[in-house]
Amino acid sequence: MTEQASAETGPVAAPLHELDRDTRCVPRPDASGVYDTTLSPDWAFGMGLNGGYLLALAGRALGAALPHPDPFTITAHYLTTSHPGPAEVRTEVLRTGRTLSTGTARIVQDGESRVQVTATYGDLAGLDPQVHTTARPPELPSPEQCAASFSDVAPIRRSTFMDRTEQLLDPAAAGWLTGKPSGRGEVRAWWRLADGRDPDPLALLLAVDALPPTAFDLGLRGWVPTVELTVHVRARPVPGWLRVSLTTRNLAGGYLEEDGEVWDSADRLVAQSRQLARAPRPRVR
């Protein structure tokens with residue numbers, strides 16, 4: 001496919017960056033609001049495709065279907081595991097207004113709904129620039145210091161998904177790498193896309209689900225599948241590294257929450273998230 005995810009149906013030059021290439025959605029000329037796509041194996045993690053990648057793909061289709069450009073709030077329910085291969089995104093416009101529009105998107109594969117998304121879009125460029133907040137960006141060592149801190153640590157088992165991004169973990173929240181989890185349920189890192197693509201709202205939808213799960217810092221290892229993920233995009237990020245912070249305060253009944261914040265290089269809180277995920281089961285020895 002060479003088409004971009006827009007209302008245009010004519011071919012254009014292929015996007016240069018991986019996230020743009022792998023979230024392309026081609027509108028069907030005979031089916032209003034339906035887009036054909038291919039779920040890329042490059043974003044596989046654990047037993048399926050990364051939830052942030054799937055959210056970004058659905059978000060791109062909604063950006064084409066709705067009259068406003070940017071996701072303000074977007075929620076995904078992950079119904080079952082998605083796998084690489086052909087799929088379609090079925091969108092529906094629920095309401096359009098002067099400043100906001102709302103719609104839904106379903107990622108369907110092999111005739112089965114895999115992800116259900118509801119979102120409200122607007123224009124981040126038109127927001128009031130005044131900010132009143134008590135939130136503060138996480139204090140991390142420099143990227144160089146974070147990278148140097150793990151020079152003697154055995155590398156994390158790589159996945160194709162991890163090769164798409166650069167993430168430099170804060171040593172203070174990464175004791176689990178050396179078998180010493182803190183038990184606080186915290187993960188923090190500098191983060192950016194590995195191919196040099198500048199961050200934008202689409203990348204923020206990926207970033208909130210791109211770090212190792214906080215379950216690792218609780219002393220649990222294994223697959224942590226997302227049940228539901230909500231992202232609030234607060235501003236369009238400026239170029240440069242993002243700082244991503246994830247915390248879990250409660251693990252109960254086999255499920256945990258992850259609260260996320262994403263800060264850009266101008267020290268602005270550009271996205272917030274919360275997800276519910278299934279905790280890995282303790283290993284039986």
Shortest non-hydrogen contact from [X] toward [Y]:
X	Y	value
Tyr121	Gly59	OH-O, 2.6 Å
Gly122	Pro69	O-CD, 3.1 Å
Pro201	Leu124	CG-CD1, 3.7 Å

Could you pull out every donor-acceptor pair under 3.5 Å between side chains of residues 84-93 and any protein atom, sequence neighbours left out?
unit_1: Glu88; atom_1: OE1; unit_2: Arg28; atom_2: NH2; d: 2.5
unit_1: Glu88; atom_1: OE2; unit_2: Arg90; atom_2: NE; d: 2.3
unit_1: Glu88; atom_1: OE2; unit_2: Arg90; atom_2: NH2; d: 2.5
unit_1: Thr91; atom_1: OG1; unit_2: Gly33; atom_2: O; d: 2.7

TODO: Kindly state each residue pair satisfying salt bridge (charged side-chain N to carboxylate O under 4.0 Å, His left out) with at least one member in residues 103-126, sequence neighbours excluded.
DONE: Asp110-Arg114, Glu112-Arg114
TODO: Look at the side chain of Asp209 and the backbone N and O of Gly51, then say whether any donor-acceptor pair between them is shorter than 3.5 Å.
DONE: yes
Task: Main-chain N/O of Thr75 paired to Glu228 side chain as donor or acceptor, under 3.5 Å - done: no
Task: Residues forming a ring pair (Phe, Tyr, Trp, His ring centres under 6.0 Å) with Phe72, sequence neighbours excluded - done: none
Task: Which residues share a ring pair (Phe, Tyr, Trp, His ring centres under 6.0 Å) with Tyr53, sequence neighbours left out - done: Trp43
Open item on the list: Can you list everything that forms a side-chain hydrogen bond (donor to acceptor under 3.5 Å, both in side chains) with Ser32? Sequence neighbours excluded, please.
Closed with: none
Open item on the list: Check Asp264 with Arg236, please: is the shortest side-chain N to carboxylate O separation under 4.0 Å?
Closed with: no
Open item on the list: Please determine whether a side-chain nitrogen of the Lys or Arg among Arg164 and Asp22 lies less than 4.0 Å from a carboxylate oxygen of the Asp or Glu.
Closed with: no
- [ ] Scan residues 188-204 for pairs that pass side-chain hydrogen bond (donor to acceptor under 3.5 Å, both in side chains), counting only residues two or more places apart or in two chains.
- [x] Asp20-Arg197, Glu166-Arg192, Asp170-Arg188, Glu186-Arg188, Arg197-Asp200
